[in-house]
Amino acid sequence: MKSNSAYTEPILDWYEKNARDLPWRAPDATPWGILVSEIMLQQTPVSRVLPVWRAWMNRWPTPAALAAEPSGEAVRAWGRLGYPRRALRLHETARAITERHRGEVPSSHADLLALPGIGAYTAAAVASFAFGQRHAVLDTNVRRVLARLISGEEYPPRSQTKAEVKRAESLLPLDPPTAARWAVAVMELGALVCTARTPRCVDCPVFATCAWQLAGRPAYDGPPRRGQTYAGTDRQCRGRLLAVLRDADGPVEKAALDVVWSDALQRERALDALIADGLVDPLEDGRYALPT
DNA sequence: AAGTCGTGGCT
DNA sequence: TAGCCAAGACT
């Protein structure tokens, strides 16, 4: 097997020995199971995804099974994973797969990209992990690993650049199955060793050739990286309101929503937004429910 | 194209 | 303790 960089073989070897045993990586994992895992894992830690993924796959083992249910059931089963619009889009995707692709998860990057809730990363990830294709799979882990290994910087730029994509493509092994293994391997290295906060460089298989190491691990000096305060935001309010509906057996009175958020103006705004998003259904009798 | 969109664990 | 961060997508 040909390697096209000094990083390829050490990282592939490291992955063979250190990969986590995740159910969506099992030999019997289906493209649908892999797709579901990728949606759930967007901005969400593995540990929180695991139980929800298992229950989800047990209940809806195929796209057609999910497509046959009301979207509200997907929202309810989503539980507290966060960003519940993902559940809605996953439900839409199940219906699109059922209608447009005969119930089979499409294998082409373009077809995947056309599905709701699936962007460049997820399309590449599913094409790579489920179908063994050769794609640059550029997520937050990979971006950070490459920034350190090659650019010698602690963190990548705020938003993804074309240069990063080119670089990721140039590192891809030529053989598709190997490229697919490389993709998970780099991601896993970022998740387990080359972590954001306190990297475990002593365990790194490419420590000796890491540009960031060689530069003396200079601290990040770019613009502030984030600032997502949460307490008191519309997002928190939306979360509270939706939790009431998730935990209820059926439609709820307006009063049941009112008690979970004191600021009436913000509460109405958040409720309207949830309705506009299709996450909440206002009934004619004045009550509210998850969508049908 | 910068803002918005949940939630909880970790340091 | 209070940020920081986690396999992004969409507008």
Side-chain angles (χ1 to χ4, degrees), chain A residues 19-20 22-25 29 33-53 75 78-90 92-93 112-130 135-145 154-161 164 168 180 183-192 194-200 220 223-246 260-261 266 269-270 272-274 276-280:
Chain A
R20 286 169 293 180
L22 302 172
W24 44 86
R25 288 181 184 163
I34 292 170
L35 189 160
V36 170
S37 79
E38 288 301 334
I39 302 293
M40 290 183 173
L41 286 163
Q42 292 168 1
Q43 304 286 286
T44 310
V46 167
S47 59
R48 288 178 39 214
V49 166
L50 276 169
V52 181
W53 184 88
V75 174
W78 197 254
R80 305 190 67 80
L81 278 186
Y83 294 144
R85 290 188 294 194
R86 290 183 293 168
L88 224 42
R89 293 184 182 131
L90 182 51
E92 292 172 29
T93 274
L112 289 163
L113 196 54
L115 296 170
I118 297 190
Y121 161 75
T122 304
V126 173
S128 180
F129 305 157
H135 294 279
V137 180
L138 211 49
D139 77 325
T140 184
N141 287 305
V142 176
R143 293 186 62 221
R144 184 178 57 250
V145 170
E154 187 176 16
Y155 297 119
R158 265 193 116 45
S159 48
Q160 187 176 302
T161 65
E164 287 184 272
V184 254
V186 182
M187 210 180 300
E188 190 78 335
L189 185 66
L192 298 183
C194 195
T195 54
R197 209 78 72 81
T198 48
R200 304 170 54 199
Y220 177 77
R225 306 188 49 226
R226 245 170 214 172
Q228 46 174 290
T229 52
Y230 183 60
T233 61
D234 284 11
R235 293 162 75 177
Q236 185 183 30
C237 181
R238 288 167 55 110
R240 291 265 187 88
L241 295 172
L242 199 57
V244 171
L245 294 176
R246 267 201 320 263
V260 299
W261 198 263
Q266 186 177 28
R269 181 170 70 235
D272 285 345
L274 285 170
D277 283 348
L279 285 163
V280 172

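Reckoned from all heavy atoms, side chains included, excluding hydrogens, waters and symmetry mates. Throughout, a chain's letter reflects where its sequence line sits, starting with A, and its residues are numbered from 1.
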Requested in this report: Remember a base hit wins even if backbone is also touched, and classify A/A273 as base, sugar-phosphate or nothing at under 4.0 Å, heavy atoms.
Outcome: nothing
Requested in this report: Determine whether the side chains of A/R238 and A/T233 contain a donor N or O and an acceptor N or O closer than 3.5 Å.
Outcome: no
Query raised in the report: Any side-chain heavy-atom pair from A/V142 and A/V137 closer than 4.5 angstrom?
Result: no
Query raised in the report: If each of A/T198 and A/R48 is mapped to the nucleotide of DNA chain B with the nearest heavy atom, which maps nearer the 5' terminus, i.e. the 5' end?
Result: A/R48
Query raised in the report: Is A/R20 touching bases, backbone alone, or none of the nucleic acid, heavy atoms closer than 4.0 Å?
Result: base
Query raised in the report: From C/dC5, C/dA7, B/dG6, pick the nucleotide closest to the side chain of A/D139?
Result: C/dA7
Report task. Answer yes or no: does a side-chain N or O of A/R197 lie under 4.0 Å from OP1 or OP2 of C/dA6? Result -> no
**Report entry** Sugar-phosphate, base or nothing in reach of A/A125, heavy atoms under 4.0 Å
**Finding:** nothing
Query - A/Y121 side chain to A/E38 side chain, donor-acceptor N/O pair below 3.5 angstrom - result: yes
Query raised in the report: Under 4.0 angstrom, heavy atoms only, what part of the nucleic acid is A/Y155 near: base, sugar-phosphate, or nothing?
Result: sugar-phosphate
Query raised in the report: Among C/dA7, C/dA9, C/dC5, which nucleotide sits nearest the side chain of A/Q42?
Result: C/dA9
Query raised in the report: Going by an N to O cut-off under 4.0 Å, is there a salt bridge joining A/E92 and A/R85?
Result: no
Query raised in the report: Atom OH of A/Y83 and atom P of C/dG8: how far apart are they, to the nearest Å?
Result: 10 Å
Query - For atom CE of A/M187 and atom P of C/dA7, their distance in whole Å - result: 9 Å
Query raised in the report: Between atom CZ in A/R80 and atom P in B/dG8, what is the gap in whole Å?
Result: 4 Å
Query raised in the report: For atom P, what is the distance between C/dA7 and B/dT4, given to the nearest Å?
Result: 23 Å
Report task. Verify the contact: side-chain N or O of A/Y230 to OP1 or OP2 of B/dT7, cut-off strictly under 4.0 Å; return yes or no. Result -> yes
Query raised in the report: Just by distance, do the side chain of A/R86 and the backbone of A/Q42 share a donor-acceptor pair under 3.5 Å?
Result: yes
Query raised in the report: Taking atom P of C/dA7 as reference, at what distance in whole Å does atom CH2 of A/W53 sit?
Result: 18 Å
Report summary line: Of A/L113 and A/W24, the one whose nearest nucleotide on DNA chain C sits closer to the 5' end is A/W24
Query - For atom CD1 of A/I118 and atom C1' of C/dA9, their distance in whole Å - result: 11 Å
Query raised in the report: Can a donor-acceptor pair be found between the side chains of A/R89 and A/Y83 at a distance below 3.5 Å?
Result: no
Requested in this report: Quick one: label A/L81 by what it contacts on the DNA or RNA (base, sugar-phosphate, nothing), any heavy atom closer than 4.0 Å.
Outcome: base
Requested in this report: Quick one: label A/L88 by what it contacts on the DNA or RNA (base, sugar-phosphate, nothing), any heavy atom closer than 4.0 Å.
Outcome: nothing
Requested in this report: With heavy atoms under 4.0 Å as the rule, sort A/G119 into base, sugar-phosphate or nothing.
Outcome: sugar-phosphate
Query - Whole angstrom value for the distance that separates P of B/dT7 from CE of A/M40 - result: 15 Å
Restricting both atoms to N or O, compile the protein contacts to nucleotides 2-4 of chain B shorter than 3.5 Å, with distance only.
none

Requested in this report: Measure distances between side-chain N and O atoms of A/T44 and base N and O atoms of B/dG6, and say whether any donor-acceptor pair falls under 3.5 Å.
Outcome: yes
Query - Below 4.0 Å: OP1/OP2 of C/dA7 and any side-chain N or O of A/T122 - result: no
Query raised in the report: In whole angstroms, how far is the P atom of C/dC5 from the CZ atom of A/R158?
Result: 10 Å
Query raised in the report: What interatomic distance, in whole Å, is found between P of C/dA9 and the corresponding atom of B/dG8?
Result: 23 Å
**Report entry** Pair A/L274-A/L245, side-chain contact (heavy atoms from CB on, under 4.5 Å): steps then yes or no
**Finding:** CA-CA 12 Å; A/L274 285 170; A/L245 294 176; over 6 Å; no
Report summary line: When rounded to whole Å, the CZ to P distance for the pair A/R143 and C/dC5 reads 13 Å
Query raised in the report: With a 4.5 Å heavy-atom cut-off, do A/I39 and A/W78 have their side chains touching?
Result: yes
Report summary line: Heavy-atom nearest pair, A/A180 first then A/F129, reads O-CE2, 4.3 Å
